[in-house]
Amino acid sequence: MAHQIRDLPDRAGETVTVSGWTAAVRVHARVAFVVLRDGTGVVQGVVVKSAVPEEVWTLATTLTQESCVALSGTVRPDPRAPGGHELTVTGVELIGGSEEYPIQPKEHGVEFLLDHRHLWLRSNLQRAGLKVRAEVEQAIHDFLYERDFVRVDTPILTGAIGESAGTLFETDYFGERAFLAQTGQLYVESACPAFRRVYCFGPTFRAEKSKTRRHLTEFWMVEPEVAFADSNDNMDLQEAFVCYLVRRALERCKAELEVLGRDVTRLESVVPPFPRISYSEAVERLNAEGREFEWGRDLGAVEEATISSWFDRPVFVYNYPKEAKAFYMKENPDDLRTVLCNDLLAPEGAGEIIGGSQREDDHDRLLARIHEEGLPEEAYDWYLDLRKYGTFPHSGFGLGLERTVGWITGRPHIRELVPFPRLINRLTP
RNA sequence: UCCCGCGUAGCUCAGCUGGUAGAGCAGACGGCUGUUAACCGUCUUGUCGCAGGUUCGAGUCCUGCCGCGGGAGCCA
């Protein structure tokens with residue numbers, strides 16, 4: 001078994017073999033440099049012509065970019081090496097050769113890179129971003145597990161449910177119409193009486209024809225749901241959750257954030273409490289700034305950007321007008337024009353990363369809302385059942401993984417924060 | 001769906017008020033003990049997105065279509 005590059009600093013003076021892929025090969029007259037990446041780190045192998053057999057020199061100097069090789073040699077500390085250590089090569093074994101590698105160490109266009117996404121994954125920025133994603137995913141599970149949430153996996157293939165059928169991907173299910181899930185919420189609500197605190201975490205699908213840096217047609221969303229939690233409890237949970245995710249990235253992805261050039265001081269200020277501003281207050285303040293925003297309209301991208309610019313950390317905007325929000329949100333008893341809900345807007349232009357609400361738990365009011373929205377009552381009969389058999393106050397939210405990781409990493413487009421992005425015009429690779 | 005911008009070599013791009021195709025990188029060969037996207041020299045590479053139009057002549061101007069990027073709406 002080959003050694004890991006990560007462990008080489010502890011093995012100075014030892015003879016080791018490391019296997020990996022050649023990030024770069026630089027050949028001079030009597031010395032050659034082979035930069036090897038193995039997934040745990042990067043090390044530069046130094047091949048001195050006079051010190052190795054001729055076949056080792058010949059093989060080493062004809063290696064192409066992204067060949068898979070095993071390098072044997074002695075670990076040697078060297079201040080000139082990027083990682084502080086180098087490998088004085090004594091042997092080279094070619095495991096898998098590489099033809100002319102498409103991605104050069106230079107600027108490329110987005111379309112070209114996405115066409116070569118299966119190879120692009122190997123590059124520094126992409127590895128760093130996806131590593132942060134994996135850490136945040138793990139942190140999501142850890143946070144919720146530590147707080148006694150039970151993970152409930154919800155179906156991806158569904159019958160006619162959801163908020164509006166226009167944004168659902170349709171598929172054939174043995175002659176019946178089926179849709180790819182755009183939320184697991186209705187299912188986690190059902191599991192709530194079984195486990196009290198539940199969540200689902202998986203891919204969701206939106207057939208929206210959006211072409212922006214914040215949209216994917218397939219993205220991952222974590223949706224916690226808590227019995228006996230009101231809208232304020234809900235925001236408390238979101239606040240603790242987001243702080244935990246950011247802190248985990250700061251603690252365990254230092255190197256990756258460095259590669260990404262992220263200004264971590266902006267992340268270090270993400271601590272409780274987050275500002276909370278009601279929709280009505282936000283509209284008042286927007287108008288005070290001369291925005292001429294009419295109460296009742298949903299906040300657009302410009303308004304959201306303005307609101308988040310008022311603060312140095314994520315901001316809750318809560319209790320939107322009923323017309324702007326989904327049918328299942330509970331009416332605000334203090335202002336019947338609004339519902340008990342919240343968005344969480346991340347700073348630095350990242351935008352909305354969470355949408356949450358207290359759910360309507362009264363059967364008749366929920367039914368009335370379904371009728372108001374012109375939704376088919378029969379599609380929601382089982383959802384209405386939850387209000388007939390031991391209804392209970394409960395709240396939950398959905399956090400978009402890619403948007404959250406996009407904000408934490410500071411990458412401008414969330415398509416880089418998912419290994420194989422699905423966009424309106426991209427289904428491969 | 002709407003608005004704005006772009007489409008030239010394998011890749012990244014230049015190409016002016018129209019005059020018949022260029023650079024860097026990659027690739028091949030040669031040179032150089034220490035390079036960090038190495039450097040130096042030589043060589044190879046084109047349906048200028050597609051179709052039509054204006055013109056003596058179109059990569060360049062006009063129209064349509066296609067593709068891509070960004071934004072709006074919608075949302076996470």
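Labels below follow one simple rule: chain letters A, B, ... track the order of the sequence lines, proteins then strands, and each chain is numbered from 1. Predicted model, so just to flag it, every value in this text is computed and none were measured.
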So which protein N/O to nucleotides 69-71 of chain B N/O distances come out below 3.5 Å?
| from | atom 1 | to | atom 2 | distance (Å) |
| --- | --- | --- | --- | --- |
| B:G69 | OP2 | A:Asn425 | ND2 | 3.0 |
| B:G70 | OP1 | A:His413 | NE2 | 3.4 |
| B:G70 | OP1 | A:Arg415 | NH1 | 3.1 |
| B:G70 | OP1 | A:Arg415 | NH2 | 3.1 |
| B:G71 | OP1 | A:Arg213 | NE | 2.2 |
| B:G71 | OP1 | A:Arg213 | NH2 | 2.7 |
| B:G71 | OP2 | A:Arg213 | N | 2.9 |
| B:G71 | N7 | A:Lys211 | O | 3.2 |

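- Using a 4.0 Å cut-off between charged nitrogen and carboxylate oxygen, A:Glu258 and A:Lys254 do not count as a salt-bridge pair.
- The pairing partner recorded for B:A14 is none, the criterion being a Watson-Crick or G-U wobble arrangement whose two distances lie under 3.5 angstrom.
- For the P atom pair drawn from B:C43 and B:C4, the interatomic distance equals 47 Å after rounding to whole Å.
- In this structure, B:A76 forms no base pair with any nucleotide, since neither Watson-Crick nor G-U wobble geometry is met with both distances under 3.5 Å.
- Both A:Arg76 and A:Ile354 lie near RNA chain B, and the one whose nearest nucleotide falls closer to the 5' end is A:Arg76.
- One can find a donor-acceptor pair under 3.5 Å joining the base of B:C74 and the side-chain atoms of A:Ser210.
- Between A:Phe327 and A:Tyr383, the ring-plane angle classifies as perpendicular under the 30° and 60° cut-offs.
- Checking B:U12, B:G34, B:C74 against the side-chain heavy atoms of A:Phe112 singles out B:U12 as nearest.
- A distance of about 13 Å separates the P atoms of B:A37 and B:A26, rounded to the whole Å.
- For the P atoms, the distance linking B:U63 with B:A76 amounts to 41 Å, nearest Å.
- Between A:Ile424 and A:Leu399, the residue anchored nearer the 5' end of RNA chain B, judged by the nucleotide with its closest heavy atom, is A:Ile424.
- Side-chain to base pairing of A:His215 with B:C74: one donor and one acceptor N or O lie within less than 3.5 Å of each other.
- Between B:G15 and B:U1, the distance separating the two P atoms is 33 Å to the nearest Å.
- B:G53 and B:U45: their P atoms are spaced 32 Å apart (whole Å).
- The aromatic ring centres of A:Phe112 and A:His108 sit less than 6.0 Å apart.
- Under the stacking definition used here (centres under 5.5 Å, planes under 30°), the residue A:Phe33 fails to qualify as stacked on the base of B:G34.
- The aromatic ring centres of A:His118 and A:Phe420 sit 6.0 Å or more apart.
- Look at the C1' atom in both B:U54 and B:U44: the space between them is 38 Å, to the nearest Å.
- As the counterpart of B:A58, no nucleotide is assigned, since no Watson-Crick or G-U wobble pattern has both distances under 3.5 Å.
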Output one line per pair: protein atom, nucleotide atom from nucleotides 26-31 of chain B, and distance, for all N/O pairs under 3.5 Å.
| from | atom 1 | to | atom 2 | distance (Å) |
| --- | --- | --- | --- | --- |
| B:A26 | O4' | A:Gln104 | OE1 | 3.3 |
| B:A26 | O4' | A:Gln104 | NE2 | 3.4 |

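- With a cut-off of 3.5 Å on both pairing distances, the Watson-Crick or G-U wobble partner of B:U42 is B:A28.
- Atom pair A:Lys209:NZ and B:C2:P shows a separation of 11 Å (rounding to whole Å applied).
- Counting only residues at least two apart or in different chains, ring pair (Phe, Tyr, Trp, His ring centres under 6.0 Å) contacts with residues 239-259 of chain A comprise A:Phe143-A:Phe241, A:Phe143-A:Tyr244, A:Phe241-A:Phe397.
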message: Apply side chain to side chain donor-acceptor pair (under 3.5 Å) to residues A:Asp153 and A:Tyr187 and explain how you reach the verdict.
response: CA-CA 9 Å; A:Asp153 297 323; A:Tyr187 297 102; over 6 Å; no
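- Remark: B:C68 base-pairs with B:G5; criterion is Watson-Crick or G-U wobble with both hydrogen-bond distances under 3.5 Å.
- Of the side-chain N and O atoms in A:His108, none sit less than 4.0 angstrom from OP1 or OP2 of B:C11.
- Residues A:Asp361 and A:Arg359 are not paired through a salt bridge, judged by the lack of any N-O separation under 4.0 Å between the basic side chain and the carboxylate.
- Under 4.0 angstrom from either OP1 or OP2 of B:U36 there lies no side-chain N or O belonging to A:Arg26.
- We find that A:Arg262 and A:Glu348 are joined by a salt bridge, their nearest charged nitrogen and carboxylate oxygen being less than 4.0 Å apart.
- Within the 4.0 angstrom heavy-atom criterion, no nucleotide atom of any strand lies near A:Glu99.
- Atom-to-atom, CD of A:Gln44 to C1' of B:A37 comes out at 13 Å; the value is rounded to the nearest Å.
- A salt bridge is defined here as a Lys NZ or Arg NE, NH1 or NH2 lying under 4.0 Å from an Asp or Glu carboxylate O, and A:Asp38 with A:Arg6 fails to meet this definition.
- Cation-pi geometry between A:Arg337 and A:Trp295 is met: the NZ or CZ atom falls under 6.0 Å from the ring centre, inside 45° of the normal.
- Of the C1' atoms belonging to B:C40 and B:U35, the separation is 15 Å, rounded to the nearest Å.
- B:G22 and B:C65 have their C1' atoms separated by 30 Å, given to the nearest Å.
- Interface remark: the A:Arg403 side chain does form a donor-acceptor pair with the B:C75 base, using a distance-only criterion of under 3.5 Å.
- In this structure, A:Arg403 contributes its side chain and A:Arg214 its backbone to a donor-acceptor pair below 3.5 Å.
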